[in-house]
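Notes to accompany the following structure.
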Amino acid sequence: MEPKDFDLFDRYLDGKMTAAEMRVFEQMLHDDKAFSESFNFQKDARLAARLDGREDLKNRLRQRNLAAQEKQKISPGKNWILVLAGLLLLVALFFLWKKGQNKPAEDLPHQEILPEKSTPGGQQKQSEPTTPGQPIAEKPTEKQPGSPDVRQVFAANFDAFQSNEISGMLRADDSPDAFQQFVAAYLRGEHNEALRLFEDLSAEDKSNENIQFLKANSLLAVGKTDAAITVFEKISAERNGKYALEAQWFLGLAKLKKGDLVGAETIFRELGKGKNSPYQAAAALILKQLKNFR
Amino acid sequence: MNTIKSSEILEKLRLRKFEVLEQIDDHYRSVFMRWAAKRFSATPNDLEDAWQEALVIFYEKVTNGELTELHCAAQTWLFATAGNYLRNMNRKMRRVIWHDEVDKVLAGKNNTVEFSDPEPEGKRKLLLSAMEKISEKCRELLRARYFDGFSIPEMMQNFQMGSENSTSAQLSKCMAGLREHIQKLQKDHGA
């Protein structure tokens with residue numbers, strides 16, 4: 001290939017030719033077979049260099065990550081601190097639980113019958129939907145004879161789901177849309193308002209299972225447990241759903257609120273089996289709590 | 001990374017400052033993995049590939065002048081591009097719709113990348129093999145020209161070559177060598 005051809009090909013492929021030059025160039029491609037073949041090789045050669053550059057860049061990134069992973073394996077000091085902190089927390093929780101068990105039932109606060117409070121899945125504490133002293137909205141479907149009401153375990157463990165992702169959806173906006181208003185009310189713990197605002201959402205939003213998950217949390221918070229259960233059941237059945245696992249946890253809590261000890265235990269047992277599940281420890285803890293009601 | 005504006009990222013990448021890409025990788029790789037794992041039914045390797053692809057494309061598009069400004073944050077562009085890559089990989093892939101910046105970018109047809117079918121694997125391997133057969137110097141020059149997007153004057157300066165003419169002649173020589181290897185490999189493989 002002549003250097004002048006090389007320059008010509010590059011100018012054409014880089015889009016640096018004038019319209020007149022392009023016409024002449026394309027005519028040459030059409031008329032001159034050798035020129036056309038040479039041009040096709042130039043295209044392949046450019047592609048080869050580009051692919052090679054891409055591979056090189058990916059390798060550099062890969063090597064960096066491997067090196068970082070190796071470094072983490074070699075110096076696990078940070079991880080050990082976390083493990084130790086976790087163990088200490090578990091021991092503390094165990095002693096608190098034992099202490100709570102030894103108290104006579106009449107001394108226990110109305111709702112927080114058990115002192116442990118697990119916040120799996122990144123849930124954050126927010127205002128309690130039912131305040132101490134208020135009657136719980138629904139009657140239990142099952143009553144365990146000779147034991148306190150299992151619904152109190154619900155009250156001790158339920159906080160409507162929150163995550164940084166949801167909080168991050170709120171942006172400073174002078175005129176928030178219906179979705180933002182719904183999320184804002186939800187995050188403020190104003191669940192009746194959130195449910196009202198849910199009705200203003202578009203049909204697409206209303207059928208979005210992630211938004212339905214939030215709605216179900218609001219339903220549970222305001223005591224519309226049956227409606228919440230219906231939604232949680234649907235979401236938790238979708239194994240690949242974003243909040244399938246979370247929905248299962250809240251379904252278990254909803255069953256507790258209904259006083260359905262057997263149904264709740266089945267769910268928490270299943271959650272406890274899931275390896276790497278963020279709910280594994282919390283489910284085990286709640287099952288331990290529920291033993292008191294047997 | 002939050003303190004670096006998108007315009008600064010673009011500016012630094014235009015100067016081929018690889019460390020900017022490293023910074024982006026360090027800050028957003030794990031965020032992307034968590035984000036994408038919730039949205040796409042894909043293996044961790046697929047997610048890793050998608051993220052790397054997005055970083056490489058970002059670098060390419062900025063250095064070759066196709067991407068001169070961003071209408072969203074750089075990480076949003078990267079997430080959307082990686083998301084497009086995953087969707088293209090498996091068009092039936094289930095995506096969970098959420099409302100966030102990435103969805104807005106995807107819905108708004110901003111300047112993200114739509115993926116088409118890649119080069120056939122056979123051709124890709126042949127071209128990469130040919131690149132391995134040329135001298136390291138030529139390989140470096142050709143990558144700089146056709147991947148990093150250096151112009152002839154920039155190459156002359158960066159590789160301390162005498163003149164634009166000699167830079168162009170050197171590149172032409174390297175291209176001729178590469179072309180020979182491609183031809184030979186094609187012949188060997190009966191293409």
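Just so it is clear: chains get the letters A, B, ... in the order the sequence lines come, proteins before strands, and each one is counted from 1.
- Enclosure of atom NZ in A:K43 is not indicated, since only 12 or fewer non-hydrogen atoms of other residues, nucleotides or ligands lie within 6.0 angstrom.
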- [ ] Go through A:Q42 and B:R179 one step at a time and tell me if the side chain to side chain contact (heavy atoms under 4.5 Å, CB included) criterion holds.
- [x] CA-CA 7 Å; A:Q42 175 94 343; B:R179 174 182 162 160; over 6 Å; no
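- Residues B:L142 and A:R46 are not in side-chain contact: their nearest non-hydrogen atoms beyond the backbone lie 4.5 Å or more apart.
- For a heavy-atom cut-off of 4.5 Å, chain A lies close to B:R143, B:R145, B:Y146, B:F147 in residues 143-160 of chain B.
- For B:K173, there are no side chain to side chain donor-acceptor pair (under 3.5 Å) partners, not counting sequence neighbours.
- Heavy atoms only, all atoms of each residue included: A:A48 and B:M131 are closest at O-CG, 3.5 Å.
- Around CD of B:E180, the count of heavy atoms belonging to other residues, nucleotides or ligands within 6.0 Å does not exceed 12.
- Proximity to chain A (any heavy atom under 4.5 Å) is shown, for B:E140, by neither the backbone nor the side chain.
- Of the listed residues B:D49, B:I182, B:I134, the one with more heavy-atom pairs under 4.5 angstrom with chain A than any other is B:I182.
- Using a 4.5 Å cut-off between heavy atoms, A:R64 touches chain B through its side chain atoms alone.
- For the pair B:L126 and A:D44, the minimum side-chain heavy-atom distance is 4.5 Å or more.
- Note: B:D26 leads B:D26, B:L141, B:N64, B:L21 in heavy-atom pairs under 4.5 Å with chain A.
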TODO: Take B:E48 and A:R62 through the salt bridge (Lys or Arg N to Asp or Glu O under 4.0 Å) test and state the conclusion after the steps.
DONE: CA-CA 10 Å; B:E48 183 71 32; A:R62 237 175 260 140; over 6 Å; no
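- Residues A:L57 and B:V56 approach most closely at CD2-CG2, 3.9 Å, considering heavy atoms.
- Atoms CG and CG, from A:L47 and B:L127 in turn, are 5.5 Å apart once rounded to the nearest 0.5 Å.
- Remark: of the listed residues B:R139, B:R124, B:K125, B:R124 is the sole one forming a salt bridge (Lys or Arg N to Asp or Glu O under 4.0 Å) with A:E55.
- Proximity to chain A involves both the backbone and the side chain of B:L171, based on heavy atoms less than 4.5 angstrom apart.
- Note on B:E22 versus A:R60: no salt bridge recorded, every NZ/NE/NH1/NH2 to OD/OE distance being 4.0 Å or above.
- Listed by chain and number, the residues in a ring-ring contact (aromatic ring centres under 6.0 Å, His included) with A:Y12 are A:F25, A:F39 (sequence neighbours excluded).
- Residue pairs satisfying the disulfide bond (SG atoms under 2.5 Å apart) criterion with at least one member in residues 16-54 of chain B, sequence neighbours excluded, are absent.
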